[in-house]
Amino acid sequence: MHIKIKYKEKIMIEEALKEIHRGCAEIIDSERIEKLLKTYYEEGTTYTVKAGFDPTAPDLHLGHTVLLQKLATFQKYGGRVQFLIGSFTAMIGDPTGKSATRKVLTQEEIVQNINSYTTQAFKVLDESKTQIVYNDEWLEKLGAAGMLQLASNLTVARMLERDDFSKRYSSNTPIAVSEFMYPLLQGYDSVHLRSDIEIGGTDQKFNLLMGRQLQKAYEIKKQQAVLMMPILEGLDGVQKMSKSLGNYIGVSDEPNDMFGKVLSISDDLMWRYYELLSTKSLETIATLKSGVEDGSLHPKKVKEELALEITARYHDEAAANNAKAEFDKVHSKSQIPTDIAEFSVDGDIWIAKALVECNIEPSTSQARRDIKQGAVKINQEKVSDEQLQLTAGEYILQVGKRKFAKIKVN
RNA sequence: GGUGAGAUAGUCAAGUGGCCAACGACGGCAGACUGUAAAUCUGCUCCCUAUGGGUUCGCAGGUUCGACUCCUGCUCUCACCA
């Protein structure tokens, strides 16, 4: 009997480790993680997993959820998440990956961002196993003396080893001294929270390791394990997913958009998304991949499945299926979408003006060019006359494949 | 503080008195081919009912028939020196 339980534990730990390792870029001190899992399964003791979020932008996208999903995995295997909001550090601005000093946020902006942040995060995380913490709570109290003590743990030389700093330094891009403090403060968070594990993107490596170093320096008798996730590429497949680059899928995107965006990624990128975003097992994914390779599975089908999964996660099953049906209707059968924005105007209107009026063209100049190129359709019929006047009636206007509007001319 | 270099469309980057709404590259949009994939080919990419007009090349003035190009001042960025 006793042996049987032992055996079961072992299986569980193995399974957990496998899930935890999935998609990871690098793990430092994975022995520690294994030990934590072992104590959890043997004694039921939970452990803490810290992840920091910089409330600089109010919207989460799938790039962020890579991290969140990993946190959720830990929650499944005994982890308690410390969802750290960098309310204090946001005032400095994380220098990571930035070629210039970052803009500092106001208190108001931060508070606003935090609210929308957490509601979105709980679409992935288990709320009952998550503790939201704000680092101004303890960093505020640190004071000048504490700050100096903290700073004594780091040499300038070591700081400059950091890739982004050294690049900026050698290219004479300014580095604010306060930016040097950022990794220290982030590391101090780990001291204060006594985190067992911290996870973050690969670009956070330096900061994450700082946590380990400081935990040692402050003698809290443990050093956090560090798990790094790769940075998710955006829709273009090259640059990292980010709002400012416009290549993102937002957690709060409408189902139709979300579905369509996933389907627009390249086949190569699809596997990346599968690995980092899907909850399908790695075996299943491997099967899909070989199916595509030997031609027994159509890549579009496989992509659709991914799109359904993701859309259903942030909305629900029904919405996802609707999105798919809608997509097929518009693109495969080239029919008109169900929901189109409606506009109405009084009196006859020139086609180019009408397109601008409906917000599907930015200017009449652009509208004319598109008409010339045959990109504009009225009621599914290509428009060839750029002087066309719309007289009373209802029309479905279309530009390219994606932009639709309904206009009513009175 | 001193000296020098620079600021051109979404980004990079040509243009150094008229041929400039401004070469080129990237990005973006559209068309063909497709699976709203990739690759490829083609066109477009400041605004205006347009074979024309208007507003643009850091900002403000000036010289000139004419300025992105020359002059003056200002703002900002970078480099070297201190």
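So that the names make sense, note that chain A is the first sequence line, chain B the second, and so on, each numbered from 1.
- Rounded to a whole angstrom, the distance from the P atom of B/C23 to that of B/C46 is 10 Å.
- Using Watson-Crick or G-U wobble geometry with both donor-acceptor distances under 3.5 Å, B/A82 finds no partner in any strand shown.
- Using the Watson-Crick or G-U wobble rule with both distances under 3.5 Å, B/A7 pairs with B/U75.
- Nucleotides B/C68 and B/A22 have their P atoms positioned 13 Å apart, rounded to a whole Å.
- When both distances must be under 3.5 Å, the Watson-Crick or G-U wobble mate of B/C57 does not exist.
- Using a 30° and 60° split on the angle between ring planes, A/Tyr47 and A/Tyr40 fall in the perpendicular class, above 60°.
- A/Gly260 comes within 4.0 angstrom of a nucleotide base, judged by non-hydrogen atoms across all strands.
- Between the side chain of A/Asp267 and the base of B/G35, at least one donor-acceptor pair of N or O atoms lies under 3.5 Å.
- Checked for salt-bridge contact, A/Asp328 and A/Lys324 meet the test: a charged N lies under 4.0 Å from a carboxylate O.
- When the P atom is used for both B/C65 and B/C12, the distance is 37 Å, rounded to whole Å.
- Anti is the conformation of B/A37, whose glycosidic angle sits further than 90° from 0.
- Taking atom C1' on both B/U64 and B/G58, the two are 23 Å apart, rounded to the nearest angstrom.
- Put simply, the residue from A/Gln224, A/Arg80, A/Lys222 that forms a side chain to side chain contact (heavy atoms under 4.5 Å, CB included) with A/Asp196 is A/Lys222.
- Across all strands shown, B/U49 forms no Watson-Crick or G-U wobble pair with both key distances under 3.5 Å.
- Using atom P as the reference point in both B/C48 and B/U40, the two lie 33 Å apart (nearest Å).
- Each of A/Glu309, A/Glu275, A/Glu19 was checked for a salt bridge (Lys or Arg N to Asp or Glu O under 4.0 Å) with A/Lys280, and the lone residue meeting it is A/Glu309.
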Enumerate the protein-to-nucleotides 40-51 of chain B contacts in which both atoms are nitrogen or oxygen and the separation is below 3.5 Å.
from	atom 1	to	atom 2	distance (Å)
B/G43	N2	A/Gln373	OE1	3.2
B/G43	N2	A/Gln373	NE2	3.2
B/G43	N3	A/Gln373	OE1	2.8
B/C47	OP1	A/Ser363	OG	2.9
B/C47	OP2	A/Arg369	NH2	2.9
B/C48	OP1	A/Thr364	N	3.3
B/C48	OP1	A/Thr364	OG1	3.3
B/C48	OP2	A/Thr364	N	3.1
B/C48	OP2	A/Thr364	OG1	3.0
B/C48	OP2	A/Ser365	N	2.8
B/C48	OP2	A/Ser365	OG	2.7
B/C48	O5'	A/Thr364	OG1	3.3
B/U49	OP1	A/Lys353	NZ	3.0
B/U49	OP2	A/Thr364	OG1	2.8
B/U49	O2	A/Gln387	OE1	2.4
B/U49	O4	A/Gln389	NE2	2.3
B/A50	N7	A/Arg368	NH1	3.1
B/A50	N6	A/Ser365	OG	3.4
B/A50	N6	A/Arg368	NE	3.4

Using distance only, find each side-chain donor-acceptor pair of residues 340-361 of chain A under 3.5 Å and give its atom names and separation, not counting sequence neighbours.
from	atom 1	to	atom 2	distance (Å)
A/Asp346	OD1	A/Asn410	ND2	3.1
A/Trp350	NE1	A/Glu386	O	2.7

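- A cation-pi arrangement is present between A/Lys261 and A/Tyr248 under the rule of less than 6.0 angstrom and at most 45 degrees off the ring axis.
- B/A7 sits 13 Å from B/A13 when the C1' atoms are compared, rounded to a whole Å.
- A gap of 12 Å separates the P atoms of B/A67 and B/U55, to the nearest Å.
- Searching all strands for a Watson-Crick or G-U wobble partner of B/A37 with both distances below 3.5 Å returns nothing.
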I'd like to know whether A/Lys18 forms a salt bridge (charged side-chain N to carboxylate O under 4.0 Å, His left out) with A/Glu14, so could you lay out the CA-CA distance, the side-chain angles of the two residues, the decisive distance to 0.1 Å, and finally the verdict. CA-CA 6 Å; A/Lys18 205 167 141 198; A/Glu14 264 169 31; over 6 Å; no
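- Among the heavy atoms of the strands lying under 4.0 Å from A/Ile265 are primed sugar atoms or P, OP1, OP2 only; no base atom is included.
- Nucleotides B/A9 and B/U56 place their C1' atoms 9 Å apart, quoted to the nearest Å.
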